[in-house]
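So the structure is just underneath, and the comments pick up after that.
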Amino acid sequence: MPNNNNYLALTARWVLPIDGAPIENGVVVVKGREISSVCTRDEFNATGLKITKDYGQAIITPGLINLHTHLDYSDLALFDTQSGFFKWISNLMANAWKWGDDQWKQSALNGACAIAQSGTTLIVDSSFTGQAANAAAQVGLRAIVGLEVFGIEEETSQAVWQSWLQKYHNFMTASPNELKSAIDAGFITMTVAPHTPYTVCPSLWQHAKSWADSQGLPVLVHISESQQECEWIHTGNAELEAFLVNMPKSGSEANYSWRGKGLSPVEHLDSWGLLSSNTLAAHAVHLSDKDIELLKKAQVAIAHCPRSNSRLRNGVARLLKMVESGLHVGFGTDSSASVDDLNVLNEARFAWNLHRAVNPAFSLSAKEAIEALTIIAAQAVGLSDKVGTLTPGKEADIAVFAVDGVYRPETAPYDLLLYGGTSAIDVFVGGKAIVENKKVTAMAHQVPV
Ligand SMILES: [Zn+2]
């Protein structure tokens, strides 16, 4: 990227600042890590500065935000496209948990590259190994990575929590300089990910929540993903019971006295005081009106993952109701093991088509989809003062999309981005190009992507 003048001035047919109307023939000027101005080409020309890159018929947007990933599992694409949810998880564990360190590392790196190449600049990742954080640092992504914790027995929750703290400490101590620098520079945040209400008992969840709250960190969770989960928490479910018995580190003698109280997963978590504005809940498929009220009251944010929900036969989330209730709802792709690709723009397109198909009254527009991919997702993780719009003073997280499909000049730019067959050409995080001409810059001399 030519940068002889210590600034970047990027121009294209469309600039979508998100905090204002689309700018036709717009310019985004970047100095250092920050956006310094967003204006029309005419306004820019009056400054006497020179354009550093003209993308022509392209769209410049804030970098997209993917609110739910598991980069660790990126090499498990297509491993089981047929099974329902719990058979699929068992197969996933059987495949991945025998991997060595190098395979986890490479898998996460492959996922990080694919994420960057899709025009995404920020991911929120639940990671079994922590390798997602290393991969994000290597590629230059901004990331919030939660180290997963599992444990359904109240009796052992203290010991399980201590062992998670040790795992976290060991991971941070052993992390490569690349990750340490990314954490110090504010690009990567490490936190905790209590897996689900059926794999984490209330006292263990409380340990995780208290630890995260004390540091102002998000808590990354899955809630109400499957009907089986809802039934198991409410009364019982044989399929889930069988799954738990076979799960490593869980004994068949376990006494799950905290469930079976006739509550939904959301009511269950609320009854223990485990929901808060720091909670980011992935999936949230099976929600009652009361669940949605409770989530709204606690200001829980939602990662909507319709392609994974569909592949794993888990149902269709009540997106419109959640949005109309005022919840912050962004999109998550979930992992390669349950979705066709890690492109969150494709997730949004699928979502809009799906919800229109099942509910002809679905009223959300392409503009609202792009907002959910940017500013609303930034709000969901408390980063809207830094990213999510092209606003002077914010971090220069930027994606440039070429329009590969049929180009109709009169098409509104939000529709063009969502439906127009677009692909990311250049991607910037904090003013640094992490993708140039569709290639991951950090990988240029390493592995082909
Ligand atoms: Zn997940």
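Just so you know, ligand 1 is whichever comes first in the structure, and atom 1 is the first atom listed for that ligand.
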Are Lys386 and Phe187 in a cation-pi setup, meaning NZ or CZ lies under 6.0 angstrom from the ring centre and within 45 degrees of the ring axis?
no
Just checking: His283, one of its N/O/S atoms, less than 2.8 Å away from the Zn ion (ligand 1), yes or no?
no
With a cut-off of 2.8 Å, does Cys305 place any N/O/S atom under that distance from the Zn ion (ligand 1)?
no
With the threshold set at 4.0 Å, does a side-chain nitrogen-carboxylate oxygen contact exist between Lys297 and Glu293?
no
Salt bridge or not for Glu347 and Arg307, using N-O below 4.0 Å?
yes
For the Zn ion (ligand 1), the closest N/O/S atom belonging to His70:
NE2
Taking side chain to side chain donor-acceptor pair (under 3.5 Å) as the criterion, tell me which of Ser336, Ser335, Ser127 meets it with Asp72.
Ser127
